[in-house]
Each structure stands twice: as C-alpha cells, then as structure tokens.
Amino acid sequence: MEVKTATEQKSLLDVLSPGKRTRLRRLLFEFGPGNGALMLLPIDQGIEHGPRDFFPNPASKDPEYQFKLAAEAGYSAIACQIGLATKYYPDYAGTVPLILKVNGKTDIPPSDEALSTTNASVEDAVRLGADAVGYTLYVGSPRQDEDLHQLRGVREDCERYGMPLVIWSYPRGREIEAKGGRDSFYGIDYGARLAMEMGADVVKLNYPKLNPDKDKDSPAPYNEANFSEEEALRHVVESAGRSLVVLSGGSRADDEVVLAHTRAIMEAGGSGVIFGRNVWQREWSEALEIISQIKETLLSHVRRLP
Amino acid sequence: MEVKTATEQKSLLDVLSPGKRTRLRRLLFEFGPGNGALMLLPIDQGIEHGPRDFFPNPASKDPEYQFKLAAEAGYSAIACQIGLATKYYPDYAGTVPLILKVNGKTDIPPSDEALSTTNASVEDAVRLGADAVGYTLYVGSPRQDEDLHQLRGVREDCERYGMPLVIWSYPRGREIEAKGGRDSFYGIDYGARLAMEMGADVVKLNYPKLNPDKDKDSPAPYNEANFSEEEALRHVVESAGRSLVVLSGGSRADDEVVLAHTRAIMEAGGSGVIFGRNVWQREWSEALEIISQIKETLLSHVRRLP
Amino acid sequence: MEVKTATEQKSLLDVLSPGKRTRLRRLLFEFGPGNGALMLLPIDQGIEHGPRDFFPNPASKDPEYQFKLAAEAGYSAIACQIGLATKYYPDYAGTVPLILKVNGKTDIPPSDEALSTTNASVEDAVRLGADAVGYTLYVGSPRQDEDLHQLRGVREDCERYGMPLVIWSYPRGREIEAKGGRDSFYGIDYGARLAMEMGADVVKLNYPKLNPDKDKDSPAPYNEANFSEEEALRHVVESAGRSLVVLSGGSRADDEVVLAHTRAIMEAGGSGVIFGRNVWQREWSEALEIISQIKETLLSHVRRLP
Amino acid sequence: MEVKTATEQKSLLDVLSPGKRTRLRRLLFEFGPGNGALMLLPIDQGIEHGPRDFFPNPASKDPEYQFKLAAEAGYSAIACQIGLATKYYPDYAGTVPLILKVNGKTDIPPSDEALSTTNASVEDAVRLGADAVGYTLYVGSPRQDEDLHQLRGVREDCERYGMPLVIWSYPRGREIEAKGGRDSFYGIDYGARLAMEMGADVVKLNYPKLNPDKDKDSPAPYNEANFSEEEALRHVVESAGRSLVVLSGGSRADDEVVLAHTRAIMEAGGSGVIFGRNVWQREWSEALEIISQIKETLLSHVRRLP
Amino acid sequence: MEVKTATEQKSLLDVLSPGKRTRLRRLLFEFGPGNGALMLLPIDQGIEHGPRDFFPNPASKDPEYQFKLAAEAGYSAIACQIGLATKYYPDYAGTVPLILKVNGKTDIPPSDEALSTTNASVEDAVRLGADAVGYTLYVGSPRQDEDLHQLRGVREDCERYGMPLVIWSYPRGREIEAKGGRDSFYGIDYGARLAMEMGADVVKLNYPKLNPDKDKDSPAPYNEANFSEEEALRHVVESAGRSLVVLSGGSRADDEVVLAHTRAIMEAGGSGVIFGRNVWQREWSEALEIISQIKETLLSHVRRLP
C-alpha cells in the first residue's frame, strides 16, 4: 500500500454526520470562493492581543469594519468571540456564516503555561445560527491536561449538535520553546496530528518556519534540518489527515508573502487561509484588493476536494 | 417593481433572534425563489395518509423522488419526518434546507379528538442541520389542552436553539365540525391567529372555503356569509400578523387552481406555498413544469418583504 | 426519474452511524446466513400469548431451548424480553447476537386500543451487549399518540448509543379492523411506511393477506382488489424504503407455506424472516431441519444488498 | 492451599457481566488469532509521540494504513483515539473491533508528574460501536490522586454499559524513576496489581527490564536482583490475577526480540500482545510477514483460557 | 460471664439508622466471632504497598487465598478495593460480608502530602452487596481540606443508602511527623476523635507507640510522656466515643505481640481487630492457627456491647 498524498484523502464531507456536513458545506460551497476552498476572516485579535492591533487602520477598531468586509467581499465565514457575535453578527445573520470562537485569553500574562478557557458554548453557537465553532488548543503546554479535557466537552457538544469544529492548533508553552519553538516544523506537525486526533474537522495552523539553530533541539527526524519549506508544509497537511487545513496569517506581511503562502498551502493540499491583520489592517479599498487576489489564488490552486 | 407590504407589517426578520434570522433568511433568500417567498415541498403524507398517496405516481413512493425534486427544482426547503430526515436527507445535506416535522399521526383513527404527539425533537433538528421545525397544531380539538402544552415545549426549544417554528395550523375535531368545519373561514382565521399567538414564525394554512350552508354555524360575523374569498384570505393573513403565511395545497387540483391559489395567497400578503401532492403526484417533467410556473407566480406576486 | 425497485435502494449500512453499522453488520454478515440476510428467532410469545404456545412442544417452555437453538443452528439473532435476556442470554453472550425487545403486553385484554409500554430501555440493551433493540408499534391504534411519542424516546436513545432499531409494525385496534383488518394489504403497507418514517432500521411485517370481502373497507386504491400477493409484498417492501424488511411467521404453518413465504419476501426485496412458533414448536431435530431449509432458501434468494 | 499459576486462574469471562462478556469474547474468539489470544494494534502514537514515529514508514502517516492492516491481517482489535475513531473507523465498522482510547497527552512536557486526562467517554465508545475502552494509568505519578479518581469514572461507566476496560498500566513520574524506573520489575509488577485492583479487564504492560544498577533502588525483595526475566514476567502476570495481560512493544526491535517477547508473555500465562511501531513501521508486505509470525506464535503458545 | 462496656457507651446499634443497623449487625453477630466483636481481613495491601507484601507467602498473591481464608475461617468481613470486589468477591457473595474500600493509592510517591482519592462509590458497594464501606482518612495531612470534603460525599452516600462507614484513620503527612509522628499517641488519639466526628461507625486505628523522644514534639499533655500504653489505648477508644474501634496490625509481628494487641484493644473497650499481613503472610494451616487464637482472644475479652 502506498501512502496517499493529502489530496487523495477520502472526502471529509463523506465521513461527517448530516448536521456537520450541512454546515461545513455552506462554508465550502455556498459562501466564499465557493469551490471547496475556505477564506476565513478572524477578528479575535481584540481579545488575544488587545486593541493595539487596530491602530495601523483605525477603522478596524469598529467591528462593523470586519463584518462588512466579510459580507461584502464574500468570505466563507467570519470568526469571532461571543461579544461580537452577540452585538454585531445579528446585522449580518445569513449574509456571511459565523464561526463562534469559544475560548480565548489576553496576552498580558506570558504563555509559558498557556491555557484558554471557554467563554462560550457550542449551544451559544447553535442559538446564534453559527455554522462552526472555533477552539484554541495549546499543543504541548504544561496545562495540556486541562486543555485536552476541556476540548473533550466542546467536541462532544459539536457531535451532539452537528456543529463543525475548527481547532486553532498552536504549539505553546515553555516546553515547546525548548524543543524548537512554537513555529517549528516539529511543533506544527505535532499540532496538526493532535488536532485531527482530538476530533477537528478543520485545523488552523501557522506556517512552519525552518530554523536550523532552533530545530536542532527538536526530536529526530526534525532536528536533521534537511527539509524544505515545501516538504514541511506538505507533511503538516498530511498529518492532519482527513481534517481540512487552513493557514494562519499572523502579523502583517508583504503582499507577495501573503499570496505565496496562500499558494503554498493550497499546493500542499490545504483547504484555505485565515488571514486577519494582513487583511483588515488595510484601508477598505486596499483590503478589497488583497482579498480579491487571495480569492483568485485560492480558486486557481485547489488540489483537494473536501 | 417595488415591493410594498400588503399587511404593512414590520419585517419579521427584524424581530427575530439572530439564530432564527440566520436560518429563516436561508429559506427566504438563499434557496427557493430567493426574493423572500417560500416554496416548500412537504413529504409527510406517508405518515399522515399512508402510502395510498403514492399510487398516482409510483415513482413518488421512493423518498428519493421528493428529495431530488426539492434539490433540483430549487425549493426553499423540504419538510419531512425524522425517518426520512435520517435516512434520505444526508445525501442532500446542504443542497436543500430541511424543515423537520416533529409530530404526526396516521389517519386510521378518526380525527374527532385529533392530537399529534411529538416523535422528534428540536434538538434532532439542530443535530441534522435543519433550518426550521414543523409542528401540527389541531386548532379547537377537544385535546387542545395537551396540544398547546406540548407546543410550548417545542417553542421553548426553538427559542433556545434559534430554530424557526413553522406551525401547520389546522382546525380539527368534532367541535370545529359543528361550527363551520375545518376549512371554514372562521376556523382558518382562528388558526392563523392562534398559531401566531403561540409563537409561530411561519404559519401553514389551508385555503378558506366559503360555504354558506356550513358557515351559518360559525359565530358572528363569520356566519353572515358576505365575505369574498379574497377578503377571507386577506383576513387570515392579517390574523397571522408578523408571522409569515404559507398556503397548503391538499389533494391534487387542476393547474389553474394551483396557480390561482398561489397568486391569491401572495396578493393577500402571504409568503408562499407548500404544495405536496399537487407537485409530486406528477411525473418528473410535469412536476418540473408546474414547479416552474409556481415559482414564476411567487416571484411576480411578492407584496410583502419578510 | 424512474422509481427504483426495492433491490435498487442505496445500501442501508451506508447511511447508518458507525455504531449502528457495526452492530447491524454483525447480524447481517457475521452471524446467521451471513450473506446479508437476517434469520431471527423471536421468543417473546411467552409474554404476548402466555405459555399456551409452548404446549405443542413441551421442551420449548424452557427458554434454554430457544437460546440453544439460536446458537447452534446459527441464527442472525435471538429476540426476547428483559427477563430472558438477564437470566438466559448470559450463557450465550457472544455466541448469538441479542435483540432486546423493550416493550410488550399480554393478550388478556382485547387489542381494540392496543398499546405496549416499555418494560426495558436501550441502555439495558447496551449493558447486556445486545446488538439491536425491538419495539412493537401498533399502527393506527386509538392510542397511537402515546405509542408514537414513546417510540420517539426509544429511537433517540438508539441514535445516542448507535443501537439498531427493529420495529414490529403491527396494524392493530378497532379502527384498522374497520378498514380491512390487521393483515390487510392497506394496513401492512401503512405499517411499513410508518415504521420507516419513525426511524426503523429493520421493519418486521406480517404477510399481507388479500381478502376482497374485507379489503373493500380499505381506502382507495387498496379497495380495488386487483393486487396479487406478489405485488402486495413488493409494495410493502418498497414502502419501507431503505429500512430492511423481515417477515413475521405467526402461528405454525405447513413447511411449504413457511418456505414459500421465505422465498416470497426475499424475491420482493426483503431481508429475511423472523419465524418463532414455526420453528420452536417443533421437536429439536425437526426444528433443525426446517431451519436448515429456511437458511438455504434465504441464501439462494437474496436480491438486495443491505 | 497451593497458589495457582496464572494459567490456572478461573476464567475471566465467567466473572464478567453479560455485556463485557459479549464484547470481550468478540476480541478473544471471533477476531484475531481466535483461540483466546489477543493481537491488538495500537495507533495512538500520533498523539503520544507526535508524527515523528511515522517517518520510518511514510505510508503509516495515513491512518488508513493501520486500519487496513488491522482489518486485513485479522487483528483482535485496533486501539485509537476519538479523532481516528470518528473519521477513519466508520469505513471499517464491523470488520475489526475497536478499542477507544479515552485519555492521552503529548510528550512535549516531561513526564515527571504525568497525567493523561480524558478526551473521550465510554458513551462515545458505545456510540461508535467499540468493543472496549482503553485508559492510560500512570502508576506512582505524583498526580496519581487525580488519575485514580478519573479512572473511577471511566470504570463506573464501563460497568454501566457492559464495556470491557483495558488499562495501559505505566509506571511513570519522578518518584518511580527514583525507585528503579518505569521499566523496572518493581514498577511493572506494581502496575499489574494496581490495574487489576482498579477494575481492569485487560492490563497492558511493558516488558520488565532487570537492571541491577537501578533495581537496587527498588524496595525489597525487588532490589535483591536475583530474578530471571522469565520469573519476573510470570510474577507480573500473576499480579494481574484474573485480568488478562497483554504485552506492549515499545520502539521497533529486531524480529527475534519481537517473537521472543511474544513467546515469553504467552508462556508466562499472558493473553497476547499489543505491538504498534514494531508492526506498522514496516512496509506493507513486511508488516504482514511479522504479523503472521506473531499470530502463529500466539496460537502455538496459549497457556491460559480466558 | 456478663459483658460490661468499658467505655459505658450507649450501644452504637441503637443510634444507627435501620439500614446501617441491619448491615453492621451482620458483621457483629452473624459472621465472625459472633459476640459483637469484629475480626476483619484486609486485602488492600496490593494497592497500598504493591505486590511486595505477597512474596513472604507466594500463595497470598492470588486473591483467592484471602477470600477463601475469610470465608473458611469465619471472618466478620473482608475488606478490599473495587477490582477484587468485582472479580473475586462474587464467588464468595453471601459467605463472608464485604467491606468495599472506596479510596486508595500507591506508596510510590512519598506521603508528605498524603491523599487517597476515591476509586469507587458507596453505590458500587450497594450494587455489590457489601455490608460496609471503608475510607482512608489522612489525619493532619496538608491536603486534609480535600480529604475531609471528599469524605463528606462518602458519608452522605452512606447515610443515603444505610451503609456503615469504616474509617481507616491514619495520621499522615509532614506536619504530623513534626509533632510526634504517625504512630504517636497524640496523632492516633486525634485520629480517633476526628473519625468519630466525621461520621465513622467503625474506626480503624494503629496501635499507639509511646516514644518519649518523639512525643516531646507533640502538644501538651501528650508531650509529658507519662502515659502507659494501656492508658493511651483506653484514651483512643474513648476518643472514638460511640464509634467502634478496631485495631490495625501493620507488618508481620510475633504471635505473642499479635495476641497481646488483640487482648489490649478489647480490654480497652475496642471492638476487634483488622490484621492482614499478620495473617495471610502465613501458610494456610499456620494462618488458620493464628486466626483461631485471635478469635478465641476476641471472644474471651469482649467488654463492650456494640
């Protein structure tokens, strides 16, 4: 038996329950690019980093900015916490799908022992008409015991209600920093597999950064430093198996990097991108411009049918 | 063409919670005619009347027939019981919205004391990815006490989960038969108001039949027999207030009747039709033909923005 | 679109949840004939009729007789109530699958308003290691409101635990007697559809008996008396859609009738038989002999892949 | 009274409840070697160690590899976490039994205070049609108080649902490292007894390693260093009493070691093996080859009837 | 010989609820010595110390040894953890009463902050037909807050189900070591009172050891070192008030010591002994011999009517 490439995975939709299938299909085919690729807009930076992220584009401080952008530019979904979902989403109900983020934290304390506790429930998501739930898992954190147990409850509720589960799978904490770091190929590859094993339907990953100096602290074979970025990306997508992979953006980068990463994740068999600051830290027309380019890139590089 | 509301009602969507709004909007604008009119396909006759309804068009005995019809002809939603929702809907998940009927009964016993108990739950509807729940209320039945109390539970769950509630509001039982009958203007007008007062988001009504012989047993002013059908229809739509009204079809009628009723309900300020036998008792191409005419009629006669 | 014959139904197993699939597959392929046909042994007559059924073969009064028969003759499963499941099944745990019947009643009162209340739960079935649950539904009984609501709870638990649901779908009560009777094509056809619509995975039906004198009281088109037995049987199997149909035996009949009915149900697209008295009212070696013939008939007449 | 050898234990199946008996019998006699020996395939390394274990045989990264192997090579069961059970097992439902692992953790943090919290429930296992539940107990960890209490809940649910409980009984944490280490005869012997006392039906143990240098830190009589490996193995099997013992494999070893360990555990009165990396880190045909040899060894060395 | 109570306590049985009275009376008068004295056999050392305790008498490793001993030598009850209660007790159900120990831990980590979490429930005890529940309380441990709170739940359940509560009342942890130690008169006297105050029906205590060197660290008046062993023992029995006191044995001692301690506890107004290793670390006939002597001593030294 030969290993399948990620793009030869059995369709995820085929193995989902009817409720998950109905909802996820909406993100994949009814909204956004519409060809099975996901273009997601996250607006959870206000809790994760605080308002500092809004200064580069003052208009972005008003959540209307992101909601309007998501609806008008044709996103697959917008992802936010309960407060925005309660106070801003209702005006956009039905015009752009909602991913309710159910846990979060500030970055005021250090993340040595990172843990995000839930501030909302899957039932909140159902009640609000959301089409998916988002959960941040801190892979390898010293408090992983609490994290994995908490995720169990969220996953069980997702199964009970037929709600797709999107896991923000982030290596974090002092131990991973000692083994290559949060952006290491080792950490992200582990995160991809862990999220899939814990029941993610969609996994949100950061772009793995190869760094021989730090990677030498990772376990074999990651410490051997002979992987290309392309290989690393393909590996993490494969580690997620039937779970769909979307690439995180992180802080604002050049247009070429944004589009190159979009291309790279799709060519590796991924299913889309979830770029926040890279989009909404731009003024309206500039934002529309980069979104249009991202969407076009997604459309032209799909390699996997979800 | 400008749409002006017949009933001058405030938009229903404006007063709904975000979950109900998201889901109902889907039926009104994303699927079906798409202009705020509802074209619903019911396939609950197998339990309400038994398989005898399928003999005129043997193909209709296989539930695939109705699901395929609903998806391919572009319906706003298909309405069925839990068994079909579980065993047939999954193949159509996301391609046509689902209204889960949560109560029902056979017509083997007489309907003197009609009551339909629940055979499924609003949580079943959530789990399956349905966009609304259907409930049959037997208006004026001697067992209305049980009925209204049972409906309370369904309505409460609809509110809890943000699930639109469609009430099949049917005058039934020996008492209404003594006061004009199940199809009387009196009975249907009462049904429209009762359903709205009990929390319906959408009310399914039969076409009121004016019949001086029987109407004389109705209370005043219904017994005065000086209403036109058009007036009666406008009255029942107004009685439903902000709840949307869809017209039931009943047993198969001539094409002209079907389309005339469609026109009439829309001109009266209603929001659409839910015709079953009139559609799926026809052979496939004939069915598509009448559906196309119904849809066109709905599109050209919308008078109320939901 | 042409109507599919029953044998062209989509595989039932394909639409079942993993738990139901695992358990039902066991009955269909690991035990019994092993080719997707069901040969079930019911031993619920002791409650339904009392010990009078055991007199023709005194050995059959000891439940060991039926359990031993089921295990040694290679049945797909044995179906019984909680007492036998608790006191006799443990010795056969793992050697023949168990279908736990969760409701039942004596036949001392008349069945004009038949209703079987639950005397065991789906959780009992899980705890005992059963592979399916059996429920008797009295189609068209004046107490159908209680019956359908009670069945809802059983069905929901079956879905929660991944337990296949077998419905004994029996027209019963004074109303059906006035419309052709419990064995009428009308009644049984209605029962097949109702069970499927209520969520049955397997439907247990009696052989429809055509009787012009009584059928004239059934609604059209059943009162037209121009159906052959073969057509009637094919109709009831089609009415059950994706649910599998097994044929009940009833009181003891001649060998030729037993085998002819077995052949007939399989040729109509059914999935097997559940004969009790026809088997265990025979002395051990005679019982083995007829079982062997039944099994052979099942094996050679399978027309539908479950 | 003379002490019985492990092989003279009363049959475990005889003391189990019907549900546990039905399910465990399936693993022991219907699947796998089929003579009462267990050949289990674990695929929980993706969470316990991360994807690094898949590099030696890239095909093994796709969970299909292990599921296909388990089904085609005739394993007694496959053991995995909830994500794989949900997304990959359904395709194999009924073709190979499932052991749902209900707790787990990454190995990014050190195991000084090891604790694996539950990420799934016994009810998940029932729902998925699993035939047993797996739990990792970290014997002697400073957090044993949380571990034993958590295990209580899992065990109680196993009893409630008739689900066999397999305990991965692993000495772990800084204290055991100071008393001979995780692989010491002392630690493993304690683990065998503790698992049995906590209600395990099957205990998964590592092969005890005699190491005079480290064993001198174990309490008497383990520090006397005069045990042979054979004696140690027989002791740990006896410590598990009526609970069945299966031997873990650990990282990949030579064929001779794999088979020698298989032989040793069976001769000591154990009930089988659970080798993961030793099997699926091999290319398909090589894997089949070693599996065939393991199965033959199991078959020819059974000394205890379960 | 008339029995006169040493402590002149009112009979405990008189103040117990009917359920507790029924069950405790069974231990006091139907089994064991039968005159109100308790002769209990503990077999929880396998979890508390590991299998090392079984080496002196290899036969004792098989739990059958202790169960058989308890039944054949006529014990008042056998005390064990859930695993033995589930897998070995059923064979002895009704032939010797069961005390289900509901908490426990290994001794691999140090006991500086000792806490035994529950691994079974009072409901387990009811289900298994046990006549009492055992709980280990670590008197004065830094984690006493968790311990006392956990005990509350066990006691409440004991009251709910009418189940006698036996408290293993053991001073433990770094703080008591600094105040005279776990075997000090101070510690044990405190333990007797605490257990009684927390709701024990029976208190299991170690023999207080007077040790001027260590007792000087105890608070006054315990640090004055002028108590005789006999006085100390009488004090601790009085501290337990109406709760019955049984004496623990600890590691194996000479026959004279065993019998002297038995005599001493009875003369001090205690109600019996619970010797484990002192009994079952002996070969079968030797064990029977010492048991016979213990029983005789109990019978001849009863001074208190329970």
Side-chain angles (χ1 to χ4, degrees), chain A residues 11-31 34 36 67 71 77-78 80 82-100 121-133 156-164 306, chain B residues 11-31 34 36 67 71 77-78 80 82-100 121-133 156-164 306:
Chain A
S11 155
L12 171 67
L13 291 175
D14 277 3
V15 298
L16 293 184
S17 68
K20 286 196 173 199
R21 195 188 296 172
T22 301
R23 293 182 173 96
L24 194 55
R25 211 186 164 288
R26 205 131 56 212
L27 273 62
L28 289 162
F29 295 105
E30 287 177 42
F31 288 87
F67 278 90
I78 187 167
C80 67
I82 187 69
L84 300 192
T86 305
K87 294 210 172 51
Y88 294 85
Y89 174 67
D91 290 345
Y92 294 87
T95 65
V96 62
L98 173 68
I99 298 173
L100 183 68
S121 66
V122 179
E123 197 178 311
D124 280 322
V126 171
R127 179 175 54 82
L128 289 162
D131 281 319
V133 148
E156 285 175 342
D157 285 347
C158 282
E159 280 166 10
R160 176 178 173 194
Y161 293 120
M163 184 65 71
Chain B
S11 155
L12 171 67
L13 290 176
D14 277 3
V15 299
L16 293 183
S17 69
K20 286 196 174 201
R21 192 187 299 169
T22 301
R23 291 182 175 96
L24 194 54
R25 213 187 162 287
R26 204 129 58 209
L27 273 61
L28 290 162
F29 296 106
E30 286 177 44
F31 288 86
F67 277 90
I78 188 168
C80 66
I82 188 69
L84 301 191
T86 304
K87 292 211 169 59
Y88 294 85
Y89 174 66
D91 289 344
Y92 294 87
T95 66
V96 61
L98 173 69
I99 298 174
L100 183 69
S121 67
V122 180
E123 197 177 313
D124 279 321
V126 170
R127 178 175 57 82
L128 289 162
D131 281 319
V133 149
E156 286 175 342
D157 285 347
C158 281
E159 281 165 7
R160 177 178 175 196
Y161 293 121
M163 183 65 71

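Below, read A as the first sequence line, B as the second, and so on, with proteins coming before strands; counting in each chain starts at 1.
- When all heavy atoms are compared, the tightest approach of Pro18(B) to Ala93(A) is O-CB, 3.9 Å.
- Interface residue Asp131(B): only side-chain heavy atoms are found under 4.5 Å from chain A.
- Glu123(A) approaches Arg160(B) most closely through the heavy-atom pair OE2-NE, 2.7 Å.
- Contact of Arg25(B) with chain A is made through the side chain alone, with heavy-atom distances under 4.5 Å.
- Shown here for Leu128(B) and Thr22(A), the closest heavy-atom pair between the two residues is O-OG1, 3.8 Å.
- Contact tally against chain B (heavy-atom pairs below 4.5 Å) for Arg26(A), Met163(A), Arg23(A), Glu30(A): the top residue is Arg26(A).
- Interface check for chain B: of the options Gly162(A), Gly94(A), Ser17(A), the most heavy-atom pairs under 4.5 Å are formed by Gly94(A).
- Contact of Tyr161(A) with chain B is made through backbone and side chain together, with heavy-atom distances under 4.5 Å.
- Taking the side chain as every heavy atom from C-beta outward, Tyr89(B) and Arg21(A) never approach each other to under 4.5 Å.
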